[in-house]
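Here's the structure, in structure tokens; my notes come after.
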Amino acid sequence: MLSSDGFGPGPDERCPGCRRPLPGDARFCASCGTPRADPRGADTAGRKIVTVLFCDLVGSTALSGTLDPEALRGVTLRYFDAMRAAIEEHGGTVEKFIGDAVMAVFGVPSVREDDARRALAAALGMLAALRALNAELDAGPGVRLAVRIGVNTGRVVTGSDASARQALVSGEVVNVAARLEQNAGAGEVLIGPDTLRAAGPGVRTAEVGPLRLKGKAQAVTAHRLLGLDGGETGGGHRSDLPFVGRDAELSVLDAEFGQVTEHRSARLVVLGGEPGQGKTRLLRHWLERPGPARTSGIGRCRPTGEQAGLQPLADAVAALLAGSPGHPHPPGLDVLAQGLLADGTPTPSLADTCAALVEVLGALAAATPLVLVVDDAHRAAALLLDLLDRVVAALTDAPVLVALLGRPELLDARPAGAHRVLALGGLPDREALRLVEALGGSAPAHLLERAGGNPLHLEQLLAAPAGAGGDGVPLTLQTLIGARLDALDPAERRAVDLACVLGREFAPDELAALDTGGPDLSAALRRLGRHRLVVPDGAAFRFASGVVQEVAYECLSKQGRAERHERAAGLRSVRSCGPAAVGGHLERAHRYRAELGLHGERTEALRLAAARALAEAGARAAARTDPGWAVDLLTRATGLLHPGEDGRLPAARRLGEALLGLGRIEPGRALLAEVGGSADDPVEVAHARLSLAALGQQQDPAPVARQTLPVFEQAGDELGQARACLRLAQQEQTDGRHAAATRLLGRAVRHAERAGGEQERASALGAIGVSLWRGPVPAPAAVRRCRELLAAQGRGRRAVAVTLNCPLAVLLALADDEAGAAACLAEAGQHAERLGYAEAAAFLPLFGATVAALGGRAREALELLAAASAAARELGGGALLSGALLDTARLHLDLDEPGAARSALAALERERSRTGGRLSFAALAERDGLRARLAAADGDRDGALVLARGAVAEAGRTDSPILQGLAAADLARTAALLGLDRERSLAAAAAGGRFAAKGHGPGVRLAGALAGHHPRREAVS
């Protein structure tokens, strides 16, 4: 049975508690005792999008000097009555009269999606009413009145004053509306830019401004209202976009129409879905597709009070008649012409109208099957739904498909029956991406999630300028969703208001815990599911789209948000998510109380509790190698803490370290310097000093590590000990003492494991890999050890996978396994990209250059070294830059490009002078070996031999066979240039022995070439 009962009465006709029908005069539900819902909305307090209208008389002072006071009072009262009538006719609420001015609000007590358009219609109606009043005044007192009007749209704070029976709104929107009115001329209506956007198409205006309004820092571009054409609100879809997806729904419509034509009987299909899902677009696309012949007629239900109850059906039937030229003229058509088609009424009676409709539709369908559509049927009068039900049941021998399109409330409480109900959901991600492409944009994953597959939401979010609406949701969507929220019954709205504080997903028991002492909201959640505002997700629920949750949250008062966030922080489900979730709720509770000026012990307690939780979460994120999240959490924690308060120093120090990890050198250094200059906490000072030294900006890390290690040991600070041991080990590595470095690194790993310091663990393991590459362990054994470490330590640890795969790639390249080396570098790069560490931009191309050079790809290696050098400079230079410059000089020299080699060595010397540090044994050996070859090429025999032999001696102070082999090879090349065959031969043999002991394939080949006095241009690291 298609009737008002089938679709469910409006919110005023059902109990808000148990949803049973209520008699018209009932104040309480007879079944459960719940009070009847207030027809003007359950709770008007909060924040919502409204349109404010100001109207003021022009020249009222002169008028008072012209008229007798009693006559003036009569004119003024008639003016106020006329203005009030025009405002209320279009659904506005007169908030107050201020002298000669009228202030009205559209959107209080309940938001409607077309509030902005109603306000503009009211403004034009006020001007028309004034013209009519002036005609009367001309004939009476002989005066004429003139007004100016300002209209503005935006978010305001609303409340209610039942004793004064007035809506109360406040906010900048009200002030701007008043300023627009003051800038308007006599008989003019000035509207704000947000009103123009919210009102939709068909608003004729002329741009005015930009205007400098009192109290506004930015100029406002106003628009003079010229007229208002027919049209819907501003939330419609663009008509130039291709139709995307909906194959299953199109198939259902095809099947329903097939049943109609096959059985020559009427059927009804209900197509429901939330606003923006594309119900109208779907049906129009289906009607426009090639297919069986059919004639269609569409009528649209307008808001209550704007048309007769049967007018949408009259429009649809008129369209069917217009689309059937030469149609028959049965007697029923004359009946419809007297009532339904004339004024949208069931004249002479409902039964006669039904019979006439059956006769006319049957006659039209005899020629071609019909599709009769009623759009926005959620607004349909009960009379219209009842009539359609009767007509469909009576059309037993006519192929007529009746389609009702409406929002989810159209599907509420609908019993299963013979008619097909089709609920339209969101687009799947793949189809949403196709729509994004058609819109000419790109949609990150978070935007798709916010839209929830709703095509209109997606379109509006893509089109919105940055910062639209102040809260990231376009104004058109705020009004559309706000109107749906205001239409909910009290229990449903309370459930939404509680859930939106928890985020996109929530569980019923969480709402019960937040709503202490409140009613059970289970039934309300089920109804919200039918409204398609929330959807079940296992035992939990989630909002149908992120935008719905965002708008619901923005509608809450800040006081309400603060109270609910404070309670949410104590929920077991929130605490199980960790300190970041707890701190987030506490932080927002504090912020909203502070913004409201609610200072005191409670607000201070929230601040400190939030700071502690966020600092703890930031420390965990930093330890787990998530620097981006650590920076976010620690920035918020330090922002809540005052200088000198407990916990600020460790939070500031960790924030400085995380900033350095992301390559934000200057702010990171400034924070560490602040902590390092404190006398409050020796351990934190030691951490800051060591981090600054590791940056290479104050002094070498090793001396600072030796000074701070006892501080960490005395305090039992495992993380500090790991860091100090790591810095000492890196100095040993720099000097080429890899066995000693490995012992220190093993100690660093153990401390890092006990401290849970993932970054320190990864750095120490990576350094062990470097010593396996550069140190005395033969390459095959070194490869096995690297793989053992990866298997034992790398599972689930991205940072470890990065730091160990890089030296493993070089070890594989030593054994001529180019494919294996490339795979290791690729894996390291993928993990590094996810981690976001800035240092990876320097060390990844440095390792890649080494692998390329070992493979004989010198030019590729040079390109990678250039990238590594640039990134190292951005990070403050230091060891990474020095290493890249040495490798660059060697490659250029191997390619017989002495000028470029000299430039690289000069840059190395400038870097050494800038940092004020000494060159290590290893760096001296490499630099002097290269300088020797340059000197020999210049004919400086003595200088070249001193440098080359000195390089061999420096390399001998290390335990690196690779470094020793390179120094010997440089001596052999120097001797060859000077014609010293015996020294060349001996040096080449020494190089071959070192390379062979390491398992260095390219080095062995180079040494063989030098021994045969046929130098090859082959790069070896």
Side-chain angles (χ1 to χ4, degrees), residues 733 738 762 765-791 793-795 797-835 839-868 871 880 883-884 886-888 890-891 894-895 960-963 965-966 969 994-1007 1016-1021:
Q733 282 184 320
H738 294 282
L765 288 169
I768 289 173
V770 170
S771 281
L772 287 170
W773 154 36
R774 303 284 289 183
V777 179
V783 167
R784 288 194 298 273
R785 180 61 180 149
C786 261
R787 285 180 167 155
E788 288 170 1
L789 289 172
L790 265 173
Q793 302 271 6
R795 186 173 293 112
R797 296 188 175 97
R798 292 188 184 278
V800 172
V802 173
T803 58
L804 276 175
N805 266 301
C806 287
L808 177 57
V810 179
L811 284 166
L812 292 172
L814 295 181
D816 298 319
D817 183 356
E818 293 189 20
C824 287
L825 287 175
E827 183 177 349
Q830 291 169 0
H831 288 301
E833 185 176 357
R834 295 286 297 273
L835 288 169
E839 199 175 41
F843 71 72
L844 281 175
L846 198 56
F847 279 101
T850 302
V851 169
L854 288 168
R857 304 187 303 278
R859 293 297 178 192
E860 177 186 336
L862 282 171
E863 291 178 3
L864 289 167
L865 286 170
L880 281 173
L886 276 171
D887 287 349
T888 300
R890 179 172 296 282
L891 282 168
D894 290 351
L895 290 169
S960 171
I962 292 180
L963 185 62
L966 286 174
R994 300 293 187 275
F995 288 138
K998 182 64 183 178
H1000 191 321
V1004 170
R1005 291 192 292 276
L1006 171 63
R1016 296 173 56 193
R1017 291 180 181 175
E1018 183 169 357
V1020 177
S1021 293

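Because the structure is predicted, anything quoted here is derived from the model rather than measured.
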Q) Quick one: are Trp773 and Ile962 in side-chain contact, heavy atoms under 4.5 Å? A) yes

Q) Just how far is it from atom CD of Glu833 to atom CG of Leu844, taken to the nearest 0.5 Å? A) 10.5 Å

Q.
Restricting to salt bridge (Lys or Arg N to Asp or Glu O under 4.0 Å), what partner residues turn up for Arg797, sequence neighbours left out?
A. Glu758

Q: For Glu860, check salt bridge (Lys or Arg N to Asp or Glu O under 4.0 Å) against everything at least two apart and list the hits.
A: Arg857

**Q.** Under the salt bridge (Lys or Arg N to Asp or Glu O under 4.0 Å) test, residues paired with Arg795 that sit two or more places apart
**A.** none

Q: Please confirm whether the backbone N or O of Ala767 pairs with a side-chain atom of Gln733, one donor and one acceptor, at under 3.5 Å?
A: yes

Would you tabulate the side-chain donor-acceptor contacts of residues 809-824 under 3.5 Å, counting partners in other chains and residues two or more places apart, or write 'none'?
residue : atom : partner : partner atom : Å
Asp816  : OD1  : Arg1005 : NH2          : 3.1
Asp816  : OD2  : Arg1005 : NH1          : 3.1
Asp817  : OD1  : Gly820  : N            : 2.9

Q. What is the distance from atom CG of Asp887 to atom CG of Leu865, rounded to the nearest 0.5 Å?
A. 5.5 Å

**Q.** Considering all heavy atoms, the nearest Ala840-Pro845 contact
**A.** O-CD, 3.7 Å

Q: Can you measure from CZ (Arg890) to CG (Leu862) and round to the nearest 0.5 angstrom?
A: 13.0 Å

Q.
When you measure from the side chain of Thr803 to the backbone of Leu765, do you find a donor-acceptor pair of N or O atoms at a distance under 3.5 Å?
A. no

Q. Does the Lys998 side chain pair with the main chain of Pro776, one donor and one acceptor, at a distance under 3.5 Å?
A. no

Q.
For a quick test of reading the model, state the closest non-hydrogen atom pair linking Ala849 to Leu864 and the distance between them.
A. N-CD1, 3.6 Å

**Q.** Pro961 versus Arg994, closest heavy-atom pair with distance
**A.** O-CB, 3.5 Å

Q) Quick one: CZ on Arg859 to CD on Glu863, what's the gap to the nearest 0.5 Å? A) 9.5 Å

Q: Not counting sequence neighbours, which residues clear side chain to side chain donor-acceptor pair (under 3.5 Å) with Thr888? List them please.
A: none

Q: Considering non-hydrogen atoms only, spot the tightest contact between Ala842 and Leu880 and give its length.
A: CB-CD1, 3.9 Å

Q) Yes or no on side chain to side chain contact (heavy atoms under 4.5 Å, CB included) for Leu854 and His1000, after CA distance, side-chain angles and deciding distance? A) CA-CA 10 Å; Leu854 288 168; His1000 191 321; 3.6 Å; yes

Q. Closest approach of Ala871 and Ala841, non-hydrogen atoms and distance?
A. CB-O, 3.4 Å

Q: Scan for side-chain hydrogen bond (donor to acceptor under 3.5 Å, both in side chains) pairs involving residues 804-815, sequence neighbours excluded, and state none if there are none.
A: none

Q) Could you give the distance from CG (Leu825) to SG (Cys806), rounded to the nearest 0.5 Å? A) 6.0 Å

Q) Could you state the interatomic distance from CD (Glu827) to CG (Leu808), rounded to the nearest 0.5 Å? A) 9.5 Å

Q. Which heavy atom of His738 sits nearest a heavy atom of Ser771, and at what distance?
A. ND1-OG, 3.0 Å

